[in-house]
Amino acid sequence: MSLNLSSHMSSMDLLVTLLLLASPVALAKSSPSLPAIFTFGDSIFDAGNNHFNKNCTAQADFPPYGSSFFHQPTGRFTNGRTVADFISQFIGLPLQKPFLELHIQIMNGTLKRFPSNGINFASAGSGFLLDTNKDMRVTPIQTQLQQFQTLVEQNKIEKSIIQESLFLLESGSNDIFNYFLPFQTTTLSPDDYVDSMLTQVNKTIDQIYKLGARRIAIFSLGPVGCVPARALLPNAPTNKCFGKMNVMAKKYNRRLEDIVNIIPTKYPGSIAVFGAVYAITHRFQTYPARYGFSDVSNACCGGGTLGGLKQCGREGYKICNNPNEFMFWDFYHPTERTYHLMSKALWNGNKNKIRPFNLMALATNFTF
């Protein structure tokens with residue numbers, strides 16, 4: 001009898017294991033080792049920090065932003081969820097709230113402590129360079145890190161949680177786009193400008209490691225030169241992507257990956273992955289029908305050439321009938337569906353999409 005029971009239990013264990021391996025979300029939820037996500041970056045991640053920064057003029061706190069999922073504006077620069085939101089859902093964590101919202105709630109007494117599932121510090125429009133969109137009062141990476149550091153130093157976040165958490169980092173698109181603005185005052189060459197961005201990348205990694213980060217996911221830039229907002233630039237083509245801008249983005253991405261590759265050696269006990277967002281997005285553009293897109297050039301919501309001359313929701317804008325068929329939601333940002341496809345590629349994709357392993361492996365420790 002006991003032998004039969006033992007045999008039965010072994011079969012059940014095998015069945016459960018196979019079911020877990022077949023389901024990425026179930027696999028992630030099976031691991032208790034990832035309690036939280038801390039997110040730094042720009043509009044790819046921003047969950048509403050700009051919305052709670054009333055001095056900031058880079059806003060998406062009006063309809064039809066948020067219309068496809070939240071059914072109201074949340075400050076996210078898309079019609080629904082962002083990459084950070086989807087990754088949280090894949091792991092099985094509640095969505096992280098923006099730091100500024102939490103800070104306000106702590107200050108007015110409606111919240112007693114910062115949540116245990118992580119915090120989103122990202123600010124749309126920000127960059128690695130302090131001067132990027134400074135006039136819009138966005139929150140640069142340096143300030144985002146300072147906000148996080150203050151919480152750590154004041155013991156508002158448990159250090160043991162930090163070391164087990166996932167850190168998401170993505171920025172730089174705004175830096176590169178702004179390099180091509182007609183009123184840009186930089187005297188740096190494209191190569192020197194990329195150098196200055198990467199200097200800040202290194203400083204950022206160094207700082208989050210010192211504050212306890214050990215699982216780090218850094219995402220490349222997408223093809224910045226393909227955003228509909230390139231129609232705002234006097235020298236950019238509108239019948240194809242802006243090649244010079246994409247060349248600069250690719251140069252930055254190559255060197256960013258070199259930085260990511262040496263993180264485990266440079267910072268003992270750390271693990272890092274490189275999300276190849278450029279390659280992922282390029283596939284959407286190259287094979288749109290395969291991914292269900294009918295339009296990979298124009299903004300679903302906007303106005304003028306490419307829908308790139310007016311912000312979605314502002315006077316004179318138009319909106320498409322089916323956002324799910326568009327790669328771009330507004331003049332700069334992808335639709336929720338694009339973000340979902342991108343997130344799935346980063347979560348359980350192969351090494352063409354994320355390397356040396358995917359986020360599911362990073363989140364569950366199965367690779368190490």
Handout entry: Whether Arg81 side chain and Arg76 backbone form a donor-acceptor pair below 3.5 Å
Key = no
Handout entry: Path from Leu100 to Ile106 over hydrophobic side-chain contacts below 4.5 Å
Key = yes
Exercise for the section: Say whether Phe167 and Ile354 are linked into one hydrophobic cluster, either directly or through other cluster members, by side-chain heavy-atom distances under 4.5 angstrom. Expected result: yes
Exercise for the section: Give a yes or no on whether the backbone of Gly41 and the side-chain of Gln144 come within a donor-acceptor separation of less than 3.5 Å. Expected result: yes
Practice task
Spell out, as yes or no, whether a donor-acceptor pair under 3.5 Å connects the side chain of Asn298 to the backbone of Gly307.
Solution key: no
Exercise for the section: Give a yes or no on whether the backbone of Phe128 and the side-chain of Gln142 come within a donor-acceptor separation of less than 3.5 Å. Expected result: yes
Handout entry: Tyr209 six-ring centre to Arg214 NZ/CZ under 6.0 Å and within 45° of normal
Key = yes
Practice task
For the pair Tyr252 and Val224, evaluate side chain to side chain contact (heavy atoms under 4.5 Å, CB included) and give the outcome as yes or no after the intermediate values.
Solution key: CA-CA 12 Å; Tyr252 167 85; Val224 193; over 6 Å; no
Practice task
Using side-chain contact (heavy atoms from CB on, under 4.5 Å) as the criterion, point out the one residue from Ile280, Leu346, Leu169, Val273 that pairs with Phe219.
Solution key: Leu346
Practice task
With the side chain counted from C-beta on, respond yes when Phe62 and Arg314 share a heavy-atom pair under 4.5 Å apart, and no when they do not.
Solution key: yes
Handout entry: Ser270 side-chain N/O to Ile263 backbone N/O, donor-acceptor pair under 3.5 Å
Key = yes
Problem - Worked check of side chain to side chain contact (heavy atoms under 4.5 Å, CB included) between Asp46 and Thr82 - result: CA-CA 8 Å; Asp46 190 352; Thr82 67; over 6 Å; no
Practice task
Answer whether the closest heavy-atom distance between the side chains of His51 and Glu101 falls below 4.5 Å.
Solution key: no
Handout entry: Flag if over 12 foreign heavy atoms under 6.0 Å of CZ, Arg137
Key = no
Exercise for the section: Keeping the roles fixed (side chain from Arg337, backbone from Pro323), state whether a donor-acceptor pair exists under 3.5 Å. Expected result: no
Handout entry: SG-SG distance Cys312 to Cys300 under 2.5 Å
Key = no
Handout entry: Exercise: do Ser88 and Asp85 side chains pair donor with acceptor under 3.5 Å
Key = no
Handout entry: Thr110 and Asn108 side chains, donor-acceptor separation under 3.5 Å
Key = yes
Problem - Close aromatic pair by centroid cut-off 6.0 Å: Phe77 and Tyr332 - result: no
Problem - More than 12 heavy atoms from other groups under 6.0 Å of NZ on Lys97 - result: no
Exercise for the section: May I ask you to test the Ser67-Trp329 pair for a side-chain heavy-atom distance under 4.5 Å? Expected result: yes
Exercise for the section: Could you tell me whether Gln207 atom CD has more than 12 heavy atoms of other residues or ligands within 6.0 Å of it? Expected result: yes
Practice task
Mind listing the closest non-hydrogen atom pair of Ile216 and Leu362 along with its distance?
Solution key: O-CD2, 4.1 Å
Fill in the blank from the handout: Shortest non-hydrogen pair, Leu34 vs Glu164, comes out as CD1-O, 3.3 Å
Handout entry: CA sep, side-chain torsions, deciding dist, call: Phe45, Phe121, side chain to side chain contact (heavy atoms under 4.5 Å, CB included)
Key = CA-CA 9 Å; Phe45 289 152; Phe121 294 90; over 6 Å; no
Problem - Test log, rule side chain to side chain contact (heavy atoms under 4.5 Å, CB included), inputs Glu170 and Leu221 - result: CA-CA 8 Å; Glu170 185 278 337; Leu221 305 183; 4.1 Å; yes
Practice task
For residues Arg215 and Ile271, determine if any side-chain heavy atom of one lies less than 4.5 Å from a side-chain heavy atom of the other.
Solution key: yes
Handout entry: Gln149 side, atom CD; Gln146 side, atom CD - distance, nearest 0.5 Å
Key = 7.0 Å
Exercise for the section: Look at the side chain of Asp61 and the backbone N and O of Pro73, then say whether any donor-acceptor pair between them is shorter than 3.5 Å. Expected result: no
Handout entry: Main-chain N/O of Leu168 paired with Thr39 side-chain donor or acceptor, under 3.5 Å
Key = no
Practice task
Give the cluster check for Ile141 versus Met136: same hydrophobic cluster or not, with ILVMFWY residues linked at side-chain heavy-atom distances below 4.5 Å.
Solution key: no
Exercise for the section: Begin from the C-alpha positions of Thr335 and Asn79 and carry the test side-chain hydrogen bond (donor to acceptor under 3.5 Å, both in side chains) through to its verdict. Expected result: CA-CA 6 Å; Thr335 57; Asn79 56 317; 5.1 Å; no
Handout entry: Residue Glu315 excluded, over 12 heavy atoms near CD under 6.0 Å
Key = no
Handout entry: Pairwise side-chain contact, Lys244 with Pro190, heavy-atom cut-off 4.5 Å (strictly under)
Key = no
Problem - Any Thr139 side-chain heavy atom under 4.5 Å of Asn53 side chain - result: yes
Problem - Shared hydrophobic cluster, Phe52 / Leu102 (ILVMFWY, side-chain heavy atoms < 4.5 Å) - result: yes
Problem - Ring centroid separation Phe69 to Tyr339 under 6.0 Å - result: no
Practice task
Examine the side chains of Ser126 and Asp42 and answer whether a donor and an acceptor come within less than 3.5 Å of each other.
Solution key: no
Exercise for the section: Give a yes or no on whether Lys54 atom NZ has more than 12 heavy-atom contacts from other residues, nucleotides or ligands under 6.0 Å away. Expected result: yes
Completion exercise
In short, Gly212 meets Ile162 closest at the heavy-atom pair C-CG2, 3.6 Å
Practice task
Please report the closest heavy-atom contact between Ser220 and Ala276, naming both atoms and the distance.
Solution key: OG-C, 3.7 Å
Exercise for the section: May I ask you to check whether Asp175 and Tyr193 show a side-chain donor-acceptor distance below 3.5 Å? Expected result: no
Handout entry: Atom CG of Asn321 with >12 non-hydrogen neighbours under 6.0 angstrom
Key = no
Handout entry: Single-linkage hydrophobic cluster, 4.5 Å side-chain cutoff, Leu188 and Val201 together
Key = yes
Exercise for the section: Ignoring hydrogens and angles, tell me if any N or O in the side chain of Ser68 forms a donor-acceptor pair with the backbone of Gly80 under 3.5 Å. Expected result: no
Practice task
Please examine the side chains of Phe331 and Gln311, heavy atoms only from C-beta on, and report whether any two atoms are closer than 4.5 Å.
Solution key: yes
Practice task
Taking all non-hydrogen atoms of both residues into account, name the closest pair between Pro98 and Asn49 and its distance.
Solution key: CB-OD1, 3.4 Å
Handout entry: Sidechain-backbone polar pair: Asn117 side chain, Pro94 backbone, donor-acceptor under 3.5 Å
Key = yes
Problem - Val138 and Asn174, any side-chain heavy atoms less than 4.5 Å apart - result: no
Completion exercise
Looking only at heavy atoms, the pair that brings Ala58 and Ala124 closest together is CB-O, 4.1 Å
Practice task
Describe, in one word, how the ring planes of Phe90 and His340 are oriented to each other, choosing from parallel (under 30°), tilted (30 to 60°) and perpendicular (over 60°).
Solution key: tilted
Practice task
Give a yes or no on whether a salt bridge exists between Lys210 and Asp206, defined as a side-chain N under 4.0 angstrom from a carboxylate O.
Solution key: yes
